[in-house]
Amino acid sequence: MTASFLRTAIVLGLISAIGPFAIDMYLPALPSIGKDLAAETGVVQLSLLSFFISFAISQLIYGPLSDIWGRKAPLYLGIGLFTVASVGCALATDIETLIAFRFLQGIGGAAGMVIPRAVVRDMHTGVQAARLMSLLMLVFSISPILAPLAGSAVIQFYGWRGVFYAVMIAAFIGLILLSTQLQETRPKKDRADSSLGSALAAYRLLLRDRNFLTLTFIGGLGISGFLVYLANSPFVLIDHYGLTPTQYSIAFSMNAVSFFAVSQATGWLGERFGLVRVMHLAVAAFALTMASMFIVMSLGFNQLPVMAAFLFVGYGVLGLVIPTSAVLALEEHGEIAGTASALMGTLHFVTAAVAMVVASFFFDGTALPMTGAIAACALAAFLLTQATIGRSRVVAAE
């Protein structure tokens with residue numbers, strides 16, 4: 001592994017983490033935001049959902065822009081907007097204003113999610129792409145590990161508003177890294193045929209590509225299984241199980257540790273067994289673990305350590321599902337990698353938003369509805385994989 005390879009992974013990972021950092025860092029503050037702004041739990045969760053909706057839809061714009069303008073210009077635009085919106089969130093005096101600025105923050109943060117995946121595809125394919133993607137996720141995972149802990153510390157001294165000033169600083173650091181450490185990976189000659197018309201044609205092509213859509217939804221259902229936990233866990237772990245914000249942050253971080261640690265085996269396992277086989281086994285293990293968790297908790301074994309153990313294992317194998325499904329989906333779309341990555345990201349987060357809304361209808365303050373929704377997402381991913389992705393599918397890079 002060269003120093004350049006590692007540096008690229010670190011920079012792309014940190015840029016990718018800016019948007020999620022704005023989620024993970026303020027999770028411990030959700031209950032206190034509700035009290036400070038006199039808002040009910042469901043309304044406070046809208047500040048999270050509004051971010052996800054704009055985060056998802058905006059990726060459809062950044063993808064084609066990155067194919068037309070190159071990778072760096074749309075990143076400057078998105079991270080700049082994210083920085084300004086973070087200040088607006090910090091100054092919000094009512095929940096409606098916070099929700100509005102969270103929506104704008106999601107628009108800006110989407111650039112950092114979609115474009116780094118396109119950069120990976122610009123540089124590599126196959127196992128090498130999987131290796132770079134897993135390294136990117138290693139850095140990306142710093143957010144769910146450190147952000148809740150950092151958020152708890154900031155909240156303790158500066159209140160929940162301090163969280164948004166902190167993510168503003170993180171975005172500014174991202175701008176510096178972008179300008180000094182990342183080279184443009186889509187040269188002008190490759191942009192010559194890119195336009196709004198070609199972007200629309202690319203979307204039509206992708207929406208007719210059964211293999212791309214299937215792999216995208218498999219990854220999206222896996223991500224949904226995590227984001228349902230992300231949206232509900234502050235209330236379940238803090239209000240129901242009685243954890244402090246700091247204890248909650250530690251519990252949340254353990255799942256991220258499991259995710260990124262297992263994800264680092266993606267390249268080695270893909271080289272040894274093939275990416276398709278790795279994805280099949282990982283999806284099956286994810287579904288089995290989460291379904292077992294729901295059954296065990298339904299039988300009355302609903303203590304926090306029981307749930308935590310299942311989540312630790314389940315989100316570990318999810319660390320194999322996400323990079324393999326993403327690399328396989330983008331494999332045959334190098335010429336429109338930005339657009340393909342954008343559509344993938346949008347479908348991921350639309351799927352997750354639907355799962356979060358459905359799960360909210362059943363939320364009763366306890367852990368069982370949350371674990372049921374997580375299990376449902378995992379089982380849906382398993383059934384889709386079994387029904388559509390052949391084990392014998394040959395990928396050129398394998």
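It should be emphasised that the depicted structure is a prediction, and the values quoted were computed from it without experimental measurement. Note that the numbering runs from 1 along the sequence shown for the chain.
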Donor-acceptor pairs are to be reported for all side-chain atoms of residues 167-181 against protein atoms at under 3.5 Å, with residues two or more places apart or in another chain.
from, atom 1, to, atom 2, distance (Å)
S179, OG, L175, O, 3.3
S179, OG, I176, O, 2.9
T180, OG1, I176, O, 2.8

Check: Can you pull the side-chain hydrogen bond (donor to acceptor under 3.5 Å, both in side chains) pairs that have at least one residue in residues 158-173, sequence neighbours excluded?
Finding: D36-W160
Next item on the list: Return the set of residues passing side chain to side chain donor-acceptor pair (under 3.5 Å) with T339 (not counting sequence neighbours), or none when no residue passes.
Entry: D67
Notebook entry, point to check: Which side-chain hydrogen bond (donor to acceptor under 3.5 Å, both in side chains) pairs, counting each pair once, include a residue from residues 295-304, with sequence neighbours left out?
Noted result: none
Notebook entry, point to check: At what distance, to the nearest 0.5 angstrom, does OG1 of T266 lie from CD of E271?
Noted result: 12.5 Å
Checklist line | For S32, side chain to side chain donor-acceptor pair (under 3.5 Å) partners two or more places apart | finding: none
Check: Looking only at atom types and distance, does a side-chain atom of S54 sit under 3.5 Å from a main-chain N or O of S50, one as donor and one as acceptor?
Finding: yes
Margin query: Any side-chain to backbone donor/acceptor pair from E184 onto R71? Under 3.5 Å, distance only.
Written below: yes
Checklist line | Residue list, side chain to side chain contact (heavy atoms under 4.5 Å, CB included) with I68, at least two apart or on another chain | finding: S194
Note to self: For D239, give me all partners under salt bridge (Lys or Arg N to Asp or Glu O under 4.0 Å), at least two apart in sequence or on another chain.
What the structure shows: none
Margin query: To the closest 0.5 Å, what do you measure between CD (Q105) and CD1 (I99)?
Written below: 13.0 Å
Item checked: Sequence neighbours excluded, every pair satisfying ring pair (Phe, Tyr, Trp, His ring centres under 6.0 Å) that has a member inside residues 289-311 -> none
Check: Which pairs count as ring pair (Phe, Tyr, Trp, His ring centres under 6.0 Å) when at least one residue sits in residues 313-340, sequence neighbours excluded?
Finding: F212-H333, F226-Y315, Y229-Y315
Check: Members other than L379 in its cluster, when Ile, Leu, Val, Met, Phe, Trp, Tyr link by side-chain heavy atoms under 4.5 Å?
Finding: none
Note to self: Tell me every residue that passes side chain to side chain contact (heavy atoms under 4.5 Å, CB included) with Q247, counting only those two or more places apart in sequence or in another chain.
What the structure shows: L243, T244
Next item on the list: Would you list the pairs meeting ring pair (Phe, Tyr, Trp, His ring centres under 6.0 Å) in which at least one residue belongs to residues 55-98, sequence neighbours left out?
Entry: F51-F55, F55-F349
